[in-house]
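A note on names: the letters A, B, ... follow the listed sequences, proteins ahead of strands, and every chain is numbered from 1.
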There are 2 protein chains.
Amino acid sequence: MTRQAAPKRYHHGDLRNALIKAGTRLLRDHGVAGLTLRTVAKRAGVSHTAPYRHFPDKVSLLAAIATVGFEQLSAALTEVVVTHADDPAKQFIEAGIAYVLLAVRNPETAHLMFGGGSLDLKDADQTLELAGKRAFEDLVRIVENGLRAGIYRDGDAEKLALVAWAHAHGLATLIIAGRIKDAASSEQQVIELTRYVCQTQLSGMLNNTSVN
Amino acid sequence: MTRQAAPKRYHHGDLRNALIKAGTRLLRDHGVAGLTLRTVAKRAGVSHTAPYRHFPDKVSLLAAIATVGFEQLSAALTEVVVTHADDPAKQFIEAGIAYVLLAVRNPETAHLMFGGGSLDLKDADQTLELAGKRAFEDLVRIVENGLRAGIYRDGDAEKLALVAWAHAHGLATLIIAGRIKDAASSEQQVIELTRYVCQTQLSGMLNNTSVN
DNA sequence: ACCTGAACACCGTTCAAGT
DNA sequence: ACCTGAACACCGTTCAAGT
């Protein structure tokens with residue numbers, strides 16, 4: 001909606017957002033290796049030193065991009081909770097699917113969000129760290145819903161959420177890394193595989209024995 | 001054993017291995033950002049163009065380093081199987097611990113092994129892809145041991161192994177990314193957390209209901 | 001306050017030579 | 001066969017200037 005009427009030139013404008021947008025596109029199309037500060041600047045129509053007026057570092061721009069990713073994740077999780085407000089088990093499974101789908105659709109951004117390695121963006125950027133914690137809290141809330149409904153065996157919501165996160169995250173990472181190409185080529189296959197994984201996971205946490 | 005008597009200069013020698021060794025150390029000490037082909041060459045005592053006689057690419061050197069990582073993982077998994085030859089459930093849990101420990105101790109290498117993103121080393125290097133598949137087969141074998149012993153509910157070894165892998169991998173990735181600092185600061189905590197996660201996971205796969 | 005241009009140190013890679 | 005040195009195009013970052 002707001003994109004169509006964009007000005008064709010900003011000799012000055014909200015460059016900061018333009019840089020984030022250009023960086024995100026560059027990341028998606030050419031990978032993190034193709035995301036250079038100089039080309040980002042060129043795409044935004046400014047000189048290659050202009051970004052330093054808005055980001056102290058290249059890392060800071062990357063952190064801003066990853067922050068957007070976490071915000072999208074939070075939004076997706078919140079929507080899952082709202083859609084299945086009366087079914088905490090379904091919330092759990094659909095949250096996993098939403099997580100994996102988001103990662104599979106934006107592999108480069110996901111890589112940035114959980115990079116690990118020495119690319120510890122989050123150590124350098126508080127905003128990013130906060131956004132990540134917020135997304136985790138959304139997941140904790142889903143588990144708490146299940147605890148309130150009494151469907152889980154254990155009682156530590158944070159710990160259970162951690163397990164669940166590890167599960168979805170691991171699956172997403174393996175798919176992104178292309179290590180499950182046989183079983184996860186189409187998006188429909190990804191959804192079904194994730195559902196299977198989350199259900200197995202849920203079986204280990206459930207109070208009752210019967211599982212379908 | 002073989003390191004002590006190393007020659008002080010190799011005007012010629014087995015440079016290829018020297019480069020891998022220097023690269024591994026550089027990766028561990030200064031991260032992937034600090035691993036530059038030029039400094040690797042300097043550490044090995046050769047000019048910065050000499051590596052091109054042994055690796056067509058910087059990516060190829062990285063792939064060689066990651067391959068070593070997968071071989072270490074295979075070795076660790078094999079040792080777990082041998083040590084707990086009569087207890088497939090324990091094999092499962094100890095394998096997860098071995099996996100996570102290896103990743104936590106060599107985070108940069110792990111990052112290389114499962115990079116995902118556009119750093120798809122494995123698409124460019126067959127040796128690396130083979131080593132990765134071999135490590136996965138070791139895990140499949142562990143699950144097959146459990147199937148033979150009849151402790152699992154489901155019957156598809158590959159699928160169960162995939163789930164298990166996703167689990168351990170996700171946990172390792174989250175720890176490396178520093179997203180669980182509270183619950184996994186010491187190595188002992190990492191072990192206990194991993195044990196908890198793997199046991200929960202195992203509970204979802206087990207045939208019987210009783211879990212300790 | 002925001003942007004530009006020249007400049008610096010660094011990197012991956014290539015190529016004509018050297019031994 | 002294996003290694004070197006100069007060279008090229010590129011990058012992140014800095015800084016004195018411009019408006």
Side-chain angles (χ1 to χ4, degrees), chain A residues 7-27 29-66 108 112 115 117-121 123-125, chain B residues 6-23 25-27 29-66 108 112 115 117-121 123-125:
Chain A
K8 291 194 176 181
R9 302 173 188 170
Y10 15 45
H11 278 292
H12 68 110
D14 65 332
L15 181 55
R16 199 191 129 94
N17 276 320
L19 291 171
I20 293 179
K21 196 175 292 185
T24 304
R25 273 219 321 179
L26 225 41
L27 182 67
D29 295 343
H30 302 283
V32 66
L35 170 41
T36 140
L37 217 46
R38 288 170 111 107
T39 61
V40 168
K42 196 173 293 177
R43 293 287 178 92
V46 292
S47 91
H48 63 270
T49 60
Y52 287 89
R53 211 43 57 175
H54 300 273
F55 299 98
D57 237 326
K58 180 185 183 182
V59 167
S60 297
L61 174 61
L62 295 179
I65 294 175
E108 303 287 346
L112 229 55
S118 54
L119 250 177
D120 45 2
L121 303 178
D123 282 357
D125 190 300
Chain B
K8 291 194 172 180
R9 302 173 188 169
Y10 17 43
H11 278 294
H12 69 110
D14 64 333
L15 181 55
R16 199 192 130 94
N17 276 319
L19 292 171
I20 293 180
K21 197 175 290 184
R25 273 217 324 178
L26 226 42
L27 182 67
D29 296 342
H30 302 284
V32 66
L35 171 40
T36 140
L37 217 45
R38 287 171 110 106
T39 61
V40 167
K42 195 173 293 176
R43 293 289 178 90
V46 292
S47 91
H48 62 270
T49 60
Y52 287 88
R53 211 43 54 174
H54 299 272
F55 299 97
D57 237 327
K58 180 185 182 182
V59 166
S60 297
L61 175 61
L62 295 179
I65 294 174
E108 303 287 347
L112 228 55
S118 53
L119 251 177
D120 46 3
L121 303 179
D123 282 357
D125 190 300

Residue pair [X] / [Y]: nearest heavy atoms and the distance that separates them:
X	Y	result
A:I20	A:A64	CD1-CB, 3.8 Å
B:A22	B:V40	CB-O, 4.2 Å
B:E108	B:L27	CG-O, 3.4 Å
B:G34	B:L26	O-CG, 4.0 Å

Given [options], the nucleotide with the shortest approach to the side chain of [X]:
X	options	result
A:V46	C:dT4, D:dG12, C:dC11	C:dT4
B:Y52	D:dC3, C:dC3, C:dT13	C:dT13
B:A50	D:dT4, C:dC11, D:dG12	D:dT4
A:L37	D:dT4, C:dT4, D:dG12	D:dG12

Subject >> A:L112 side, atom CG; A:I65 side, atom CD1 - distance, nearest 0.5 Å >> reply: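 Between atom CG of A:L112 and atom CD1 of A:I65 there are 6.5 Å.
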Original post:
Hey, what do you get for CG (A:L19) to CZ (A:R53), rounding to the nearest 0.5 Å?
Top reply: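 Output value for this atom pair is 13.0 Å.
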Rounded interatomic separation in angstrom, taking [atom1] from [X] and [atom2] from [N]:
X	N	atom1	atom2	answer
B:L19	C:dG12	CG	P	13 Å
B:K42	D:dG5	NZ	P	13 Å
A:L61	D:dT13	CG	P	11 Å
B:F55	C:dG12	CZ	P	14 Å
A:L26	D:dC11	CG	P	10 Å
B:K58	C:dG12	NZ	C1'	8 Å
A:L15	C:dA1	CG	P	17 Å
A:D57	D:dT14	CG	C1'	13 Å

**OP:** Tell me which of A:H54 and A:R38 sits closer to the 5' end of DNA chain C, going by the nucleotide each one is nearest to.
**Re:**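 Mapping each residue to its closest nucleotide by heavy atoms, the 5'-most match is A:H54.
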**OP:** Check step by step if side chain to side chain contact (heavy atoms under 4.5 Å, CB included) holds for B:L35 and B:L62.
**Re:** CA-CA 9 Å; B:L35 171 40; B:L62 295 179; 3.5 Å; yes
Original post:
Which string of ( ) [ ] | and . matches DNA chain D, if you list each base 5' to 3' and count Watson-Crick or G-U pairs only when both distances are under 3.5 Å?
Top reply: ||.|||||...|||||.||
**OP:** Classify the side chain of A:T49 versus the base of C:dG5 as yes if they form a donor-acceptor pair under 3.5 Å and no if they do not.
**Re:**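 It does, because a donor-acceptor pair links the side chain of A:T49 to the base of C:dG5 below 3.5 Å.
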Subject >> Pairwise 5' ranking along DNA chain D for A:P56 and A:T39, keeping only the more 5' one >> reply: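 With A:P56 and A:T39 compared, the 5'-side residue is A:T39.
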Subject >> First encountered from the 5' end of DNA chain D, between A:T36 and A:R53 >> reply: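 First, find each residue's nearest nucleotide; the 5'-ward one identifies A:T36.
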**OP:** Ignoring backbone atoms, test whether A:H48 places a side-chain nitrogen or oxygen under 4.0 Å from the OP1 or OP2 oxygen of C:dG5.
**Re:**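 No, because none of the side-chain N or O atoms of A:H48 sits under 4.0 Å from OP1 or OP2 of C:dG5.
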